[in-house]
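This report concerns only the one structure given below.
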Amino acid sequence: MQQDPERLERMSGMLKRRGIILPAFEIHGGAKGLYDFGPVGGRLRNRVNQTWIDHWLALGNIVELSCPTVTPYAVLEASGHVGEFSDFMTVCTKCEEASRADTLLESFHANPDALSQSELQHLLFDSNPPCPNCNEQAWSEVTAQNLMFNTTIGAGSSGRPGFLRPETAQGMFTSFPALLRHNRDRLPFGAIQVGKGYRNEISPRQGMIRLREFNMAELEYFFNPHEDQQHDFDSWSEVELSLVPDEGDETRMTIQSALDASIVRHETVAYFMVQTYDFLVKVGIDPKRLRFRQHEADEMAHYASDCWDAEILGSYGWIECVGIAHRGCFDLESHEKATGKTLRARREFSEPKVIEIDGWTMNGATAGPAFRALAGAVKQSVESLAADATFPCMVTLENGEKVEVLSEHVKRVQRTETISGEWYIPHVVEPAFGIDRIIWHVLDHAYDDTAKDGDAYTVLRLSDDVAPVNYCVFPLFEKEGMGELARTLHKKLSATSGVVSIYDSSGSIGRRYARADEIGVPRCLTVDHQSVKDQTVTVRDRDTGEQHRVHIDDLI
RNA sequence: GCGAGCGUAGUGUAGUGGUUAUCACCCCACGUUGCCAACGUGGGAACCCGGGUUCGAGUCCCGGCGCUCGCACCA
């Protein structure tokens, strides 16, 4: 699985030493699955997030949201997370040992993993297996041990249960009415959100790959499934993607060919695949170590109907870093069912539908008193009669009972209805990005520790879009005015919005370049004797080592 | 969660129950050096946490926490 563990160790050491990624709360012994982005990493994370936001806002019909991480129980119950994200636990009342209910019941059921909480409860009480710890047969009620972090919203008896969100998506679904209004009822549009998500993983592993608190960035793209989405793939006509379809082997082809061959089944999914490709390459992922893998039907999450992961090859093998899921109407429909609120958009038919209604309905004023409790059923039956029915007549009700309906009980209905459109539940394609995993691979792909002049030398070849430090300012020596000029330049750069500069006067110039290279500073500015005379500095490029002189005023 | 291995300066490491805890890189100051990890002098910095055994524990034992790997779990 691991490729070159020694390189991984060197890199992890560097990331820690230089303040990019380090274990959180380390002086207290650390905490599994929690990491700090340090003084360099914090800025890196921010720039990746900002690049991500800018990438999607550029589409023109995307809005940015920020929803709470603390989420009421009901929201995640409606979304399916309470049910799907749980392990069901029971506790031995004699020895207090907790066990997974489905594991205890393995010899009593073919697939206990698939049972609901109440089914597990019944089966547990019926079969009453012995405790693996103390052999007693005295189990507590089955409780959901959720992989979400529990919390209580509010104090004391007024507190109600909630969770830290396992994904940012639900807030965007529950905000759908506001989103639709903001877009003046026109689809398609998208909502994006970057933020923290939480999953109380049983066993966090592989450093940044599986975390308990993680940075995610999700886009929910809402569209009308009755319309072609008309995505323009011309910009990607030359881009060959590596695709691993659910059937067959990995292939390389353009997104248009994949659509034509029905390997990618949905245009909007395809569109976000290529957009995702562009984003990942922009932040520095090596396109040769990027592929898209289609989910098998049985590994699809509970909400998805087609799903492609962007997988990136790094020190831990191929790791899924982005999931692009066609979620259909699942989420909006779930929240609709749970709340009774309308989460729909209106569409007009190209041709209004004209419906001729010719038949009968009940005359409530007479039939109501006549049939009393049966009136509802009578109405239903009368409205199903043909237009040429005559009265009085015997009508068979839903429950099998027959009643006689007189002409005074009914009214003729004849009208023409024009239906110009309908309310429908939009469909959603969701690209969900694991920012930490992406940052890990950005670092992994940028980390270059091959030799320079025979000695080990480390360069972080980060893209300009995400490099955490833009400039290092070096006075050749801190004398003859060079130190003062360099400090002035450093302050001027630092005061510029979006620019981070480091001042470094310690050690030889070569050592300072090396320090800058290690954290991926794209350009170093050196102040020398000539600078004091004519206000020019040398700009040294990280990747080529080339230098040229630039006037200070032309730098920003 | 189970099993195995591991935990020493910022990083990588040495360390036979008794050392001022080794070495290198590193970091800081001063000097020197006039553009790619130079040099000199001086300085800085560590035994994961808590118990136990012992006259004495970095070293042995127990527990916790953390890391790595395998199994399990997991989008």
Side-chain angles (χ1 to χ4, degrees), chain A residues 1-2 5-6 8-19 22-34 38 81 84-87 89 97-100 102-103 113 132-133 145 147 166-167 197 199-207 209-212 214 216 293 295 299-304 307 309 311 316 319-325 430 432-434 437 451-459 474-480 482 504-518 524-531 537-542 544-547 549:
Chain A
M1 190 62 164
Q2 272 192 24
E6 284 168 22
L8 178 57
E9 277 168 30
R10 287 194 302 274
M11 183 169 118
S12 302
M14 186 279 282
L15 295 176
K16 198 173 165 187
R17 183 161 37 82
R18 297 308 306 274
L22 32 161
F25 312 119
E26 211 184 7
I27 63 168
H28 284 279
K32 234 175 178 176
L34 300 175
H81 286 91
E84 295 288 332
F85 256 60
S86 296
D87 288 332
M89 305 297 294
E97 178 86 355
S99 294
R100 282 183 53 169
D102 57 346
T103 310
D113 196 32
N133 187 46
Q145 179 67 48
L147 293 177
E167 58 175 20
R199 293 180 193 178
N200 203 357
E201 296 287 352
I202 295 169
S203 178
R205 281 288 166 84
Q206 298 175 307
I209 303 302
R210 185 173 303 161
L211 300 171
R212 289 196 166 125
F214 48 96
M216 44 195 338
R293 194 176 65 83
H295 280 205
E299 72 174 321
M300 214 104 73
H302 59 279
Y303 45 74
C307 191
D309 281 338
E311 297 185 329
Y316 298 106
I319 298 290
E320 53 270 38
C321 295
V322 183
I324 302 165
E430 176 198 81
F433 291 67
R437 289 181 174 189
K452 175 175 174 177
D453 302 331
D455 296 323
Y457 196 88
T458 301
V459 185
F474 305 145
L476 204 51
F477 303 100
E478 277 192 312
K479 57 186 185 187
E480 295 165 32
M482 289 184 282
D504 186 357
S505 64
S506 144
S508 72
I509 196 74
R511 170 178 300 277
R512 286 179 265 168
Y513 286 141
R515 277 197 285 248
D517 286 343
E518 197 174 36
C524 294
L525 309 176
T526 301
V527 173
D528 59 14
H529 291 97
Q530 191 184 332
S531 310
V537 294
T538 61
V539 179
R540 176 262 195 186
D541 182 88
R542 177 193 67 207
T544 63
E546 285 166 12
Q547 299 187 7
R549 292 200 81 87

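First the proteins, then the strands, lettered A, B, ... as listed; each starts at 1.
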Nucleotide nearest Thr526(A) (side chain, heavy atoms from C-beta), chosen from rC35(B), rG66(B), rC74(B): rC35(B)
Nearest-nucleotide pick for Arg17(A), side chain only, options being rU11(B), rA29(B), rA37(B): rU11(B)
Of Glu26(A) and Asp517(A), the one whose closest RNA chain B nucleotide lies more 5': Glu26(A)
Between rG17(B) and rG10(B) - P atom distance, rounded Å: 27 Å
Opposite nucleotide pairing with rC65(B), Watson-Crick or G-U, both atom distances under 3.5 Å: rG7(B)
Candidate nucleotides rG66(B), rC74(B), rC28(B), ranked by approach to the side chain of Lys32(A) - the nearest: rG66(B)
Stepwise side-chain contact (heavy atoms from CB on, under 4.5 Å) check, Arg293(A) with Asp309(A): CA-CA 5 Å; Arg293(A) 194 176 65 83; Asp309(A) 281 338; 4.2 Å; yes
Residue Arg515(A), side-chain atoms from C-beta onward, closest of rC74(B), rC27(B), rA37(B): rC27(B)
Nearest-Å distance once atom P is located in both rG66(B) and rC28(B): 34 Å
Base-pairing assignment for rU53(B) (Watson-Crick or G-U wobble, both under 3.5 Å): none
Separation between the P atoms of rG70(B) and rA29(B), rounded to whole Å: 45 Å
Nearest-Å distance once atom C1' is located in both rU19(B) and rU8(B): 15 Å
C1' gap between rG18(B) and rG58(B), integer Å: 13 Å
Opposite nucleotide pairing with rC39(B), Watson-Crick or G-U, both atom distances under 3.5 Å: rG31(B)
Pairing partner of rA72(B) (Watson-Crick or G-U wobble, both distances under 3.5 Å): none
C1' spacing across the pair rC67(B) / rG12(B), given as an integer number of angstrom: 16 Å
Nearest-neighbour nucleotide for the Arg511(A) side chain, rC26(B), rU11(B), rC35(B) considered: rC26(B)
Under 3.5 Å on both distances, the Watson-Crick or G-U partner of rC23(B): rG12(B)
Arg512(A) vs rC35(B): side-chain N/O to OP1/OP2 distance below 4.0 Å: no
Polar side-chain contact Arg540(A)-rC35(B) base: donor and acceptor under 3.5 Å: no
Same-atom distance (C1') from rG56(B) to rU16(B), integer angstrom: 16 Å
Residue pair Arg511(A), Asp504(A): steps toward the salt bridge (Lys or Arg N to Asp or Glu O under 4.0 Å) verdict: CA-CA 10 Å; Arg511(A) 170 178 300 277; Asp504(A) 186 357; over 6 Å; no
Sugar-phosphate only, base, or nothing, as touched by Gly434(A) at under 4.0 Å among non-hydrogen atoms: nothing
Distance test, side-chain N/O of Ser506(A) to OP1/OP2 of rC28(B), below 4.0 Å: yes
Separation of the C1' atoms in rU54(B) and rC6(B), to the nearest angstrom: 26 Å
Nucleotide paired to rG58(B) in any strand shown, Watson-Crick or G-U, under 3.5 Å: none
Counter-base of rC47(B), judged by Watson-Crick or G-U geometry with both distances under 3.5 Å: none
Out of rA29(B), rA37(B), rC74(B), whichever nucleotide has its closest atom nearest the side chain of Ala514(A): rA37(B)
Sugar-phosphate only, base, or nothing, as touched by Gly323(A) at under 4.0 Å among non-hydrogen atoms: nothing
Arg293(A) side chain, from C-beta outward: closest of rC35(B), rU11(B), rA75(B): rA75(B)
Out of rA29(B), rA37(B), rC67(B), whichever nucleotide has its closest atom nearest the side chain of Tyr457(A): rA37(B)
For rG17(B), the Watson-Crick or wobble partner whose two distances fall under 3.5 Å: none
Thr538(A), nearest nucleotide to its side chain (from rC35(B), rC27(B), rA37(B)): rC35(B)
